[in-house]
Q: 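One structure, pasted below without further comment.
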Amino acid sequence: MYFQTGNERAFGTFPLKGTELETALESALDVGYRAIDTAQMYANEVDVGKVLARSDFNRSDVWITSKVPTSEFSAEAFIPSVEQSLKELQISALDVLLVHWPPGDDDVRPSLDWLQQAQQQGLAQHIGVSNYTPKQMRIAKAHCSSPLVINQVEFHPLLDQSLLLKTAKETGISLASYCSVARGKVFEFPLFDDIAKAHDVSAAQVVLRWILQQGVSINPMSTKRANQAANFDVLGFDLSDAEMVSIRALTTTGYRICNEDLVPWAPTWNAQ
Ligand SMILES: NC(=O)c1ccc[n+]([C@@H]2O[C@H](COP(=O)([O-])OP(=O)(O)OC[C@H]3O[C@@H](n4cnc5c(N)ncnc54)[C@H](OP(=O)(O)O)[C@@H]3O)[C@@H](O)[C@H]2O)c1
């Protein structure tokens with residue numbers, strides 16, 4: 001089983017770097033996080049590596065995910081870029097290596113071949129994708145001989161990702177959520193406070209629990225210890241079916257963080 005208690009709640013690290021990253025990550029590890037989400041694009045792998053190197057953790061105690069950007073999608077660049085990640089992180093292999101974005105309208109298969117090659121060379125235990133549409137998930141599933149363990153996508157209660165969820169079940173490629181609290185936008189909706197009161201938790205915890213209860217892992221980022229602790233403490237209560245449905249109604253909001261204004265290559269999520 002790919003997800004185990006611990007790695008379904010990773011600490012997101014974008015856009016932290018330098019001292020801010022080091023302080024936040026040390027606090028997150030102290031709070032209890034044992035999984036970290038980074039990427040070459042975040043330019044913070046060296047800072048993550050420093051924190052881990054001076055910590056008391058063994059390598060096997062912490063689950064590390066990183067991602068290869070499309071700029072490295074070539075036969076010459078892909079593997080050296082992963083080797084550079086490992087050097088900066090001061091580790092010999094990643095727990096999970098993802099391709100960060102699909103290559104625009106181009107064929108996804110060459111980058112998946114390099115991804116599998118990295119795994120075959122022992123640079124990553126597991127491999128997966130990020131920002132893949134349902135169509136690309138099906139192509140990837142059909143193409144890869146090695147299992148793809150996750151598709152990390154924008155996933156929160158203000159965006160309908162039911163098609164991706166359906167495709168995750170079909171393909172066996174689980175979803176992982178980024179922008180889980182929609183960078184704070186969810187807090188404008190009183191429904192989460194109402195449900196939170198009933199469970200004696202916070203609105204953020206309700207949002208994260210709603211995601212986890214659909215079998216989707218989470219990667220929340222916070223610079224504040226109290227928020228980090230709340231975001232980690234989300235396994236001790238259950239939302240009822242009625243609560244799950246009432247939150248799902250908000251997905252018609254259609255709010256996106258990584259839209260075309262922010263990321264020109266943003267996916268069309270419901271592309272079949
Ligand atoms: N694969 C991809 O393309 C992709 C894209 C984007 C992000 N990611 C990954 O996903 C991670 C999370 O996404 P994100 O950081 O963009 O969005 P996010 O986790 O939805 O939002 C982070 C923001 O929410 C606030 N926040 C977090 N927990 C809170 C709480 N309990 N109460 C109140 N405010 C809270 C934080 O502020 P404070 O610091 O003040 O707590 C921070 O400003 C990233 O760090 C990155 O690792 C991946």
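We count ligands from 1, going down the list as the structure has it; atoms in each ligand are counted the same way. Computed from a prediction, not measured in an experiment: that's the story for all the values here. Sequential numbering from 1 along the given sequence is applied to the chain's residues.
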Q: Purely on distance, is any nitrogen or oxygen of Gly184 under 3.5 Å from one on ligand 1?
A: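 Such a contact does not occur with ligand 1.
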Q: Any N or O on Thr13 sitting closer than 3.5 Å to an N or O of ligand 1?
A: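 The answer is yes, given that Thr13 and ligand 1 share an N or O pair closer than 3.5 Å.
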Q: With a 3.5 Å cut-off and no angle check, do the side chains of Gln116 and Gln120 form a donor-acceptor pair?
A: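 Distance-only check fails for Gln116 and Gln120.
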Q: So if I count the atoms of ligand 1 from 1 in the order they appear, which ones are less than 4.0 Å from some heavy atom of Asn219?
A: 10 (O), 11 (C), 12 (C)
Q: Measure from atom 27 (C) of ligand 1 to every heavy atom in Met221, Glu20, Met41 and give the option owning the shortest one.
A: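 Heavy atom nearest to atom 27 (C) of ligand 1 belongs to Met221.
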Q: Give the cluster check for Ile36 versus Val46: same hydrophobic cluster or not, with ILVMFWY residues linked at side-chain heavy-atom distances below 4.5 Å.
A: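 In one cluster with Ile36: Val46, no.
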Q: By number and element, which atoms of ligand 1 are closer than 4.0 Å to a non-hydrogen atom of His100?
A: 1 (N), 2 (C), 3 (O)
Q: Under 4.0 Å and counting heavy atoms only, is there anything from the protein next to atom 37 (O) of ligand 1?
A: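 There is no protein heavy atom less than 4.0 Å from atom 37 (O) of ligand 1.
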Q: From the options Leu250, Thr251, Leu165, select the one residue that forms a side chain to side chain contact (heavy atoms under 4.5 Å, CB included) with Asp160.
A: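 Only one of Leu250, Thr251, Leu165 forms a side chain to side chain contact (heavy atoms under 4.5 Å, CB included) with Asp160, namely Thr251.
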Q: What atoms of ligand 1 come closer than 4.0 angstrom to any heavy atom of Asp37?
A: 9 (C), 46 (C), 47 (O)
Q: Would you call the rings of Tyr42 and His100 parallel, tilted or perpendicular if under 30° counts as parallel and over 60° as perpendicular?
A: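 If you compare the ring of Tyr42 with that of His100, the planes turn out perpendicular.
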Q: Geometry only, no angles: is Cys179 polar-contacting ligand 1 at N/O separations under 3.5 Å?
A: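 Yes, Cys179 has an N/O under 3.5 Å of an N/O on ligand 1.
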Q: Under 4.0 Å, counting heavy atoms only: does Trp101 come that close to any atom of ligand 1?
A: yes
Q: Need the ligand 1 atom indices (1-based, order shown) with element for anything under 4.0 Å from a heavy-atom of Thr223.
A: 38 (P), 39 (O), 40 (O), 41 (O)
Q: Could a heavy atom of Ala230 be found less than 4.0 Å from some atom of ligand 1?
A: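 False for this residue.
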Q: Tell me which part of Ser202 gets within contact of ligand 1: side chain, backbone, both or neither, using heavy atoms under 4.0 Å.
A: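 No part of Ser202 is near ligand 1 at this cut-off.
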Q: Could you tell me, atom by atom, which parts of ligand 1 come under 4.0 Å of a heavy atom of Asn231?
A: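 In order of number, 27 (C), 28 (N), 29 (C), 30 (C), 31 (N).
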Q: Is any NZ, NE, NH1 or NH2 atom of the basic residue among Arg209 and Glu243 found under 4.0 Å from an Asp or Glu carboxylate oxygen of the other?
A: no
Q: Under 3.5 Å between any N/O of Val181 and any N/O of ligand 1: does that happen in this structure?
A: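 Right, the criterion is met.
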Q: Where the closest heavy atom to atom 34 (N) of ligand 1 is concerned, which of Tyr178, Phe187, Tyr42, Phe155 has it?
A: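 Residue with the shortest heavy-atom distance to the ligand atom: Phe187.
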Q: What residue among Ser81, Ser66, Ser71 forms side-chain hydrogen bond (donor to acceptor under 3.5 Å, both in side chains) with Gln40?
A: Ser81
Q: Just going by heavy-atom distances, which of Lys185, Arg183, Gln205, Gln228 is nearest to atom 20 (O) of ligand 1?
A: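 The option holding the nearest heavy atom is Arg183.
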Q: Rounded at 0.5 Å granularity, tell me how far CD in Gln152 sits from CH2 in Trp101.
A: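 Nearest 0.5 Å value for the CD-CH2 distance: 10.0 Å.
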Q: Any atoms of ligand 1 less than 4.0 Å from a non-hydrogen atom of Phe14? List them with their elements.
A: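 That gives atoms 15 (O), 44 (C), 45 (O), 46 (C), 47 (O) of ligand 1.
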Q: In plain terms, say whether Arg59 and Asp95 are close enough for a salt bridge, that is, a side-chain N and a carboxylate O under 4.0 Å apart.
A: yes
Q: Taking only heavy atoms of Ala204 into account, list the atoms of ligand 1 that are under 4.0 Å away from them.
A: 30 (C), 31 (N)
Q: Name the atoms and distances for all side-chain donor-acceptor pairs under 3.5 Å in residues 179-194, with sequence neighbours left out.
A:
| unit_1 | atom_1 | unit_2 | atom_2 | d |
| --- | --- | --- | --- | --- |
| Ser180 | OG | Ser177 | OG | 2.6 |
| Lys185 | NZ | Glu188 | OE1 | 3.0 |

Q: Taking 4.0 angstrom as the limit, do Lys166 and Glu170 come out as a salt bridge?
A: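 Counted as a salt bridge, because a side-chain N and a carboxylate O are separated by less than 4.0 Å.
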Q: Cut-off 3.5 Å, side chains only: do Thr38 and Asn44 have a donor facing an acceptor?
A: yes
Q: Applying a heavy-atom cut-off of 4.0 Å, say which part of Leu16 lies close to ligand 1: side chain, backbone, both or neither.
A: neither
Q: Assess, by modelled atom type and distance only, whether the side chains of Asn131 and Tyr178 contain a donor and an acceptor separated by less than 3.5 Å.
A: yes
